[in-house]
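Notes follow the structure.
Hydrogens, waters and symmetry mates are skipped; everything else that's a heavy atom, side chains included, is used. Every chain is numbered from 1, with letters handed out A, B, ... down the list of sequences.
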Amino acid sequence: MAAKSYKRLLSLAAFVMPAFILYTLFLLVPTIGGMYYSFTDWNGLNRAYEFIGFANFVEALREDPDFVHSLWFTLKYVMFMLVLQNVFALLLALFIETKFRSKGLFRTVLFMPNMISTIISAFMWTFVFSQVLPQLGERAGLGFLNQSWLGDPGTSFYSILIVSLWNGVGYMMIIYLAALQGVPQSLREAAVIDGARPWQVLRHVTLPMITHAITICLFLTLNGAFKVFEVVYGLTGGGPGRSTQVITLNIYEEAFSNNFRYGYASAKSVILFLVILIFTFIQISITKRREVEA
Amino acid sequence: MMKKKGSVLVGLVLSLALLAGCGSNAQTGTNDGSAAGGEKATSATLKMFIAQPRFKEQYDAHIEKFKAKVKAEKNIDLTVQVEMPNQDNAAQILKTRLASNDAPDLFVIHAINDIPQYSKAGYLADLSDQPFAGKLLDSVKPAVTNSEGQVVAVPLESLSWGYLYNKQIFEENGLTPPATLSEMEAVIAKLNEQNITPFILSYKEAWVPQLFLPLTVGAAIQTEDGMKDFVERMNEDKGSFSEMKSMFDIIDLVNSNGTDRALEVGPDDGAAAFAQGKAAMWLQGPWYADTILKSNPDIDFGVAALPVSENPDASLINLSVSSSMAMYADTKNKELSLEFLNFLLDDQESNVLYEALKFNPIATVHTFKSYPWVDDATAYVQEGKSYQDPRIPQAVKDEVGKALQSYVAGQMDQDAVLKALDKAWKDYNKVNK
Amino acid sequence: MRTGRFSSLLITLALVLASLIAVFPIYLAIINSFKTQGEMFASFTALPTSLRLDNYTEAFARLSMMSSLANSITVSVLGIGGILLCASLAGYKLSRTPGRLSQFIFYLFVASMMVPFHSIMIPLTRMAKELNVQGSIYGLSLIYIGLGVNMAIFLYHGFVKGVPRELEESAHIDGCNEWQTYFRIIFPLLLPITVTIAILDFLWIWNDFLLPLLMLTNADSYTLIISTNKLFGEYNTEWSLVLAALVLTAIPVVLIFMFFQRYIMAGITEGAVKG
């Protein structure tokens, strides 16, 4: 009996080892390293630093209004993304599913924005927001186009959202499409023959069969949206002022400009990590329950 | 069929990856070993970090000359790896490299903003007894000297600045650069009359509105009673920016007479707009000369001192040094690195480099004809109307840029801005005790 | 799904509208990349008057297109190949092994997906320096495997649950050992999710910015994105040149996706027939 469990362990090790070694070297150990710095006052430059316990964490949550603001701002962004990105992606996937000849075309076109790096998309959209739309608005007399897309603290949130969605919906759409492929056509046809309306087919046949994809997509959106950086960095740089500063940008600012407080910035990253962990835990436990029900 | 092909392919790829990984290790190993100088034709590699990609051609040309010189004099086949990231990622990359013991041999940092911290952390080599140090102009040397009196960098870009103005527009309207706030108001009124926008506003990047701070603080320290020790007092937590509230006089004047969409215009777009004559003045330094001239080679512009009050003596030119090349204190290529630093101020070649970069003369060896905007500023300096850039901590400069953006966006009022600056300086003191 | 003609039309309309939005900035980038600076500022939306290729030839040279492209391809192929192999092995085994240990390892992988990159940046660079994998694109590929396996394991782990165990059991009875079973039976069945992972990782690695920026010191080993970003810095006011560079950077991705798209279809069809 013991020999068998030993053998099983060995086989587990053999399969998992290649991934685990590289993962440990390049992700696990650096993560632990980052966590270690979060308890120090290291400024990223000096060779000496001191261990200061939880002081960084206390400061971040109690005495740093900019950090707290960025936390709330990110939360707002996450909520919008969670809903909009998945609704759009699922709708587009369902729409594309109904097409036969143009399926490939739409899929390619709609996925196209996702192929472009976020840095480059942000750059292209900066061009659109700051140059093209105002000119269009002026010439076509469409006043609403000619506004301060990136300079107004209120509007720029939506500009960031637009670019994020533009960039991210395709990604999710592909996952939903792959999942929809797995829903047997016959099942849906049967439902239609039974007199189910499209909405009912979706609600009672399709959705339950793709709950796993929904779990994955929600997870990916949640995770990605909390860590959003490049889009905001490229579009507004967190500005004007700090009005569109997301957490990662706040961390970046703390670590590499300002006072170079790398230890403090690491503490903020740990907080971000914990926030994501909690939210993901909640999300997964909810959707998993649904999966089981289905 | 498919499955077999797939797995073979994947296996192959992975083994390749592993092999290749080993190969690269071996290579770097030999590189490190052969870095020191020798008698026969040896090879060496110098790593440089210059975050000014827009000057790539100029630096490359100078490096080529240096390689030829080293080959001729020492028979060393020198390879120079120059890393030129964009300005906005530069600090991050450089600090990551330094922190992970992967420092370049030579790197460019900002004299006023970076030297104190980098020097304190022990990354900068003492260059005081290098030949180049003797050639530096007295007006430049303090900026590249650390608090212990050591020269730690070769200044590249020195600045004498206030704001830029379009000479053609000024001449056509019979205007001269104003010396007081009310003269500035008159200039603005005249320009408005002619339907010329007085100022380009380009506040998308926070460092641009930040420029108000050194100008206003510098002038106040120089001319106002009781302000002389402002920086020292702030460093001891004994001062407050509420003493500086008058800086909003000029800030408001500029902001209410500028181009639209200030917060969406980046400095490069601002340079293009200024070059095309879209406004008469731009709060910027001559470091954008190259970009401006690229956009419109025929533009005639000058540098003038910004009026900050009714005292004409307070319109002063700010003298500063930004990009400067320092040597990593623990470099393994000390000899060649030092030689390169000295070659930057080489008696012959240095003129070519600095002129091509459109930088100001910074050393006695610089005899090239300076640019008109440099001459404008020099005229002020010769009248004694200048001051050395006050050592405001980088953290405070970062803060003022962001705060003034919020001020323009209407999210912060004057008191909030001043309070934020006080806090930033206090935090700086706390962290850098 | 059968739908009425009217709703079918509505759906088409919605898709066309979405496609227009998707394409709009790309279209703008393309048309403006052919213009001169002056022509561009006169109107951003007008078509170019002639097919000037100057911007492209210059961007091509400035990007060191061929070598950057080769570097990007090398990193992507090695990185993705490694991730797929390592993660499918691990994901499969973890999914099939009950018990606390395997669950713990799985959650360790999953939890690490939430680690913000900025917090590991300096320690990671240190580690890379320590292991001497810094500065080369091969070393970079290894790092990508280390950073990418967690999500791939997560996806494989979920997918494997849907693969019936009977297949393995019968293979086992037929005398296959574990590895043979894995490579002959399991891996082919994982094809749909493998393709998905490959695409997602390709997009990540191909477009990644910060990691190569930190790891690659030598211009000879720059990836396409790094070269492009460097070009922004050098020619920041020459929009039309920069736009041409953007288009050049995007072309390989579009081509590769077109290729992959057929592959996806094949993979899915095959999976469907066997399933």
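- With a 4.5 angstrom heavy-atom cutoff, Phe281(A) does not touch chain C via any of its atoms.
- Between chain A and the options Val115(C), Val149(C), Thr125(C), the largest number of non-hydrogen pairs under 4.5 Å is found for Val115(C).
- Neither the backbone nor the side chain of Phe226(A) has a heavy atom closer than 4.5 Å to any heavy atom of chain C.
- With contacts defined as side-chain heavy-atom distances shorter than 4.5 Å, the pair Leu147(C)/Leu22(A) does not qualify.
- For Ile32(A), no part lies near chain C; criterion is any non-hydrogen pair under 4.5 Å.
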Show your reasoning for whether side-chain contact (heavy atoms from CB on, under 4.5 Å) applies to Phe154(C) and Ile216(A). CA-CA 9 Å; Phe154(C) 173 69; Ile216(A) 290 178; 4.2 Å; yes
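- A 6.0 Å sphere centred on CD of Glu130(C) holds no more than 12 heavy atoms belonging to other residues, nucleotides or ligands.
- Nearest approach of Ser19(C) to Leu110(A), heavy atoms of both residues: N-CD2, 3.7 Å.
- Proximity to chain C (any heavy atom under 4.5 Å) is restricted, for Gln135(A), to the side chain, taken from C-beta onward.
- Ranking Leu89(C), Asn150(C), Val110(C) against chain A, the residue ahead of the rest is Leu89(C), based on heavy-atom pairs under 4.5 Å.
- A distance of 7.5 Å separates CD1 in Ile122(C) from OG in Ser266(A), rounded to the nearest 0.5 Å.
- For Thr280(A), the part lying under 4.5 angstrom from a heavy atom of chain C is the side chain only.
- Looking at Tyr37(A), the atoms closer than 4.5 Å to chain C (heavy atoms on both sides) all sit in the side chain, from C-beta outward.
- Closest non-hydrogen pair, Lys227(A) versus Pro116(C), comes out as CD-CA, 3.6 Å.
- By the 4.5 Å heavy-atom criterion applied to side chains, Ile105(C) and Val16(A) are counted as neighbours.
- For the set Tyr36(A), Phe88(A), Phe20(A), the count of heavy-atom pairs under 4.5 angstrom toward chain C peaks at Phe20(A).
- Interface remark: Arg96(C) contributes no atoms to any contact with chain A (heavy atom separation under 4.5 Å).
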Let's go through Phe44(C) and Val128(A) carefully: what are the C-alpha distance in whole Å and the side-chain angles of both, what is the deciding distance for side-chain contact (heavy atoms from CB on, under 4.5 Å) to 0.1 Å, and is it a yes or a no? CA-CA 9 Å; Phe44(C) 295 114; Val128(A) 172; over 6 Å; no
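- Neither the backbone nor the side chain of Ala255(A) comes within contact range of chain C; no heavy atoms are under 4.5 Å apart.
- At a cut-off of 3.5 Å, with distance as the only test, a side-chain donor of Thr12(C) or Lys99(A) sits close to an acceptor on the other residue.
- The shortest distance between side-chain heavy atoms of Phe219(A) and Met114(C) falls below 4.5 Å.
- Contact check for Ser43(C) versus Arg139(A): side-chain heavy atoms found under the 4.5 Å cut-off.
- For the options Trp204(C), Phe159(C), Trp179(C), Phe24(C), heavy-atom pairs under 4.5 Å to chain A are most numerous at Trp179(C).
- Nearest heavy atoms, Phe26(A) versus Ile120(C): O-CD1, 4.3 Å.
- With a 4.5 angstrom heavy-atom cutoff, Leu108(C) touches chain A via backbone and side-chain atoms both.
- Residue contact with chain C, scored on non-hydrogen atoms closer than 4.5 Å, involves the side chain of Leu9(A) exclusively.
- Looking at Asn114(A), the atoms closer than 4.5 Å to chain C (heavy atoms on both sides) sit in the backbone and in the side chain alike.
- Once rounded to the nearest 0.5 Å, the distance linking CD1 of Ile119(A) with CG of Leu210(C) reads 8.0 Å.
- Taking both residues in full, the closest heavy atoms of Ala111(C) and Leu277(A) are given as CB-CD1, 4.2 Å, listed atom of the first, atom of the second, then distance.
- If you measure heavy-atom distances from Leu203(C) to chain A, the contacts under 4.5 Å come from the side chain alone.
- With a 4.5 angstrom heavy-atom cutoff, Ala14(C) touches chain A only via side-chain atoms.
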One pair to check against ring pair (Phe, Tyr, Trp, His ring centres under 6.0 Å): Phe229(A) and Phe117(C). What are the steps and the verdict? CA-CA 10 Å; Phe229(A) 178 76; Phe117(C) 181 72; 9.7 Å; no
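- Both the backbone and the side chain of Leu12(A) come within contact range of chain C, each with at least one heavy atom under 4.5 Å from a heavy atom of that chain.
- Note: Phe109(C) and Tyr23(A) have tilted aromatic rings, judged against thresholds of 30 and 60 degrees for the angle between ring planes.
- Of the two parts of Met151(C), only the side chain, counted from C-beta on, holds a non-hydrogen atom closer than 4.5 Å to a non-hydrogen atom of chain A.
- Heavy atoms of Tyr252(A) lying under 4.5 Å from chain C belong exclusively to its side chain.
- Residue Leu136(A) touches chain C through its side chain alone, counting heavy-atom pairs closer than 4.5 Å.
- Minimum interatomic distance between Met124(A) and Leu246(C) (heavy atoms only, all atoms of both residues): CG-CD1, 3.6 Å.
- Of the inter-residue distances, the one linking Phe95(A) atom CZ with Ser8(C) atom OG reads 11.0 Å to the nearest 0.5 angstrom.
- Side-chain contact check for Trp125(A) versus Pro25(C): some heavy-atom pair is nearer than 4.5 Å.
- Between Gln131(A) atom CD and Leu28(C) atom CG the span is 11.5 Å, to the nearest 0.5 Å.
- Proximity to chain C (any heavy atom under 4.5 Å) is restricted, for Leu220(A), to the side chain, taken from C-beta onward.
- For a residue to count as touching a neighbouring chain, one of its non-hydrogen atoms must lie under 4.5 Å from one of that chain's; by this rule Thr97(C) touches chain A with the side chain only.
- Here the OG-CZ distance, from Ser88(C) to Phe15(A), works out to 9.5 Å after rounding to the nearest 0.5 Å.
- Residue contact with chain C, scored on non-hydrogen atoms closer than 4.5 Å, involves the side chain of Val29(A) exclusively.
- Contact annotation for Ile225(C): only side-chain heavy atoms (C-beta onward) come within less than 4.5 Å of a heavy atom of chain A.
- With a 4.5 Å cut-off on side-chain heavy atoms, Thr118(A) and Asn207(C) do not count as touching.
- You'll find the side chain of Phe127(A) reaches within 4.5 Å of the side chain of Leu243(C), heavy atoms only.
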